[in-house]
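Here the structure is a predicted model, which means the values were calculated and not measured. Letters A, B, ... are given to chains in the order of the sequence lines, protein chains preceding strands, and every chain is numbered from 1.
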Amino acid sequence: EAGVAQSPRYKIIEKRQSVAFWCNPISGHATLYWYQQILGQGPKLLIQFQNNGVVDDSQLPKDRFSAERLKGVDSTLKIQPAKLEDSAVYLCASSLEPGSINYGYTFGSGTRLTVV
Amino acid sequence: GDSVTQMEGPVTLSEEAFLTINCTYTATGYPSLFWYVQYPGEGLQLLLKATKADDKGSNKGFEATYRKETTSFHLEKGSVQVSDSAVYFCALSDRLAGGTSYGKLTFGQGTILTVHP
């Protein structure tokens, strides 16, 4: 089966600019996650969707970050305006059904964002 | 809240050496425990998992045992290879009583492993 697709792979922007990342999960996976991985740290959950509804966005900086998952499939994560501390790898992951972490929780390769 | 602590790194070993990467956790429910591996230029991959106390996860010669009494899930391999060079992450997914997992993963900070020929 195809994996979790993310684009772009790399992005360099200036601070205060906006940026968007795209994720296409594995077909049929109801749950989609966005994680932020800062260099030297483990990934941190930003937001979790179940179909097109938000399950957990408690760690999403809502003043600058937004995410949506239209029609319960693809998802976009946006940052506006970006800050230097947003430089990180943004990982998308999907799983088959809520709580089915034992059944194929798959990560994409990530988008590496550099804010200068 | 939930947290995972991994041993300080990086770790540098010679080929065929024994590997241990320590991992301890704090969780309020009944967590499942995982080791993920990230090879250079690649995404995170599940290496092994354990879903209840005393379970042993194993894959590709790596093993880890879920120790509830010491809240630990240390990763071991008897003989490492150059191809094992990667970043290793310990993670947990908490569950409420009744076994319903939310799927959210809490990660440790990662341990860089470098194996020399």
Side-chain angles (χ1 to χ4, degrees), chain A residues 2-10 21 23-26 29-51 53-60 88-112, chain B residues 1-10 21 23-25 27 29-52 55 57 59 66 86-112:
Chain A
V4 175
Q6 290 189 247
S7 66
R9 286 298 306 272
Y10 306 94
F21 313 126
C23 173
N24 180 234
I26 291 174
H29 279 197
T31 310
L32 184 147
Y33 314 80
W34 284 101
Y35 284 82
Q36 180 193 56
Q37 185 178 11
I38 294 173
L39 184 65
Q41 299 180 20
K44 181 186 77 173
L45 180 71
L46 292 175
I47 189 167
Q48 176 183 346
F49 291 95
Q50 172 61 27
N51 294 311
V54 175
V55 173
D56 182 353
D57 63 357
S58 58
Q59 298 192 81
L60 186 73
V89 176
Y90 291 85
L91 296 166
C92 180
S94 68
S95 67
L96 193 59
E97 60 188 41
S100 65
I101 196 159
N102 295 326
Y103 296 104
Y105 192 109
T106 305
F107 282 89
S109 296
T111 295
R112 182 177 298 276
Chain B
D2 297 345
S3 67
V4 176
T5 302
Q6 290 182 232
M7 66 184 293
E8 296 292 327
I21 301 177
C23 171
T24 58
Y25 68 89
Y30 301 87
S32 295
L33 301 174
F34 306 84
W35 278 99
Y36 278 83
V37 59
Q38 192 169 37
Y39 298 103
E42 299 184 17
L44 280 166
Q45 301 174 26
L46 178 64
L47 180 59
L48 54 84
K49 67 178 187 293
T51 57
K52 61 183 187 296
D55 269 2
N59 186 26
Y66 189 140
V87 184
Y88 292 81
F89 293 93
C90 186
L92 69 82
S93 174
D94 208 350
R95 291 175 291 155
L96 297 179
T100 300
S101 172
Y102 288 112
K104 168 188 171 181
L105 287 168
T106 299
F107 287 87
Q109 71 270 32
T111 300
I112 301 172

Chemist: I'd like to check the side-chain hydrogen bond (donor to acceptor under 3.5 Å, both in side chains) partners of A:Asn24; sequence neighbours left out, ordered by chain and number.
Modeler: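 Once residues adjacent in sequence are excluded, the partners of A:Asn24 under the side-chain hydrogen bond (donor to acceptor under 3.5 Å, both in side chains) criterion are A:Asp74.
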
Chemist: Who are the side-chain hydrogen bond (donor to acceptor under 3.5 Å, both in side chains) partners of B:Tyr88, not counting sequence neighbours?
Modeler: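 Once residues adjacent in sequence are excluded, B:Tyr88 has no partner under the side-chain hydrogen bond (donor to acceptor under 3.5 Å, both in side chains) criterion.
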
Chemist: Less than 4.5 Å to any heavy atom of chain B: does that hold for the side chain of A:Gln6, its backbone, both, or neither?
Modeler: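 No part of A:Gln6 comes within 4.5 Å of chain B.
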
Chemist: With respect to chain B, which residue among A:Pro43, A:Gly110, A:Ser109 yields the maximal number of heavy-atom pairs within a distance under 4.5 Å?
Modeler: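 That would be A:Pro43.
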
Chemist: Just verifying a value: how many Å separate B:Phe107 CZ and A:Gln37 CD, rounded to the nearest 0.5 Å?
Modeler: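 Going from CZ on B:Phe107 over to CD on A:Gln37, the span is 8.0 Å.
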
Chemist: Look up atom CD in B:Gln38 and atom CZ in A:Phe107, then write down how far apart they are to the nearest 0.5 Å.
Modeler: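 Spacing of CD (B:Gln38) from CZ (A:Phe107) equals 9.0 Å.
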
Chemist: Looking at A:Tyr35 and B:Leu105, what are the two nearest heavy atoms and their distance?
Modeler: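 Answer, listing the atom of A:Tyr35 first, then B:Leu105: OH-N, 3.0 Å.
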
Chemist: Need one label for A:Leu91: side chain, backbone, both or neither, based on atoms under 4.5 Å from any heavy atom in chain B.
Modeler: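 For A:Leu91, the contact with chain B is made by the side chain alone.
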
Chemist: Need one label for A:Arg112: side chain, backbone, both or neither, based on atoms under 4.5 Å from any heavy atom in chain B.
Modeler: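 Neither part, no heavy atoms under 4.5 Å.
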
Chemist: Between atom OG1 of A:Thr106 and atom CG of B:Leu44, what is the distance when rounded to the nearest 0.5 Å?
Modeler: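 Answer rounded to 0.5 Å: 11.0 Å.
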
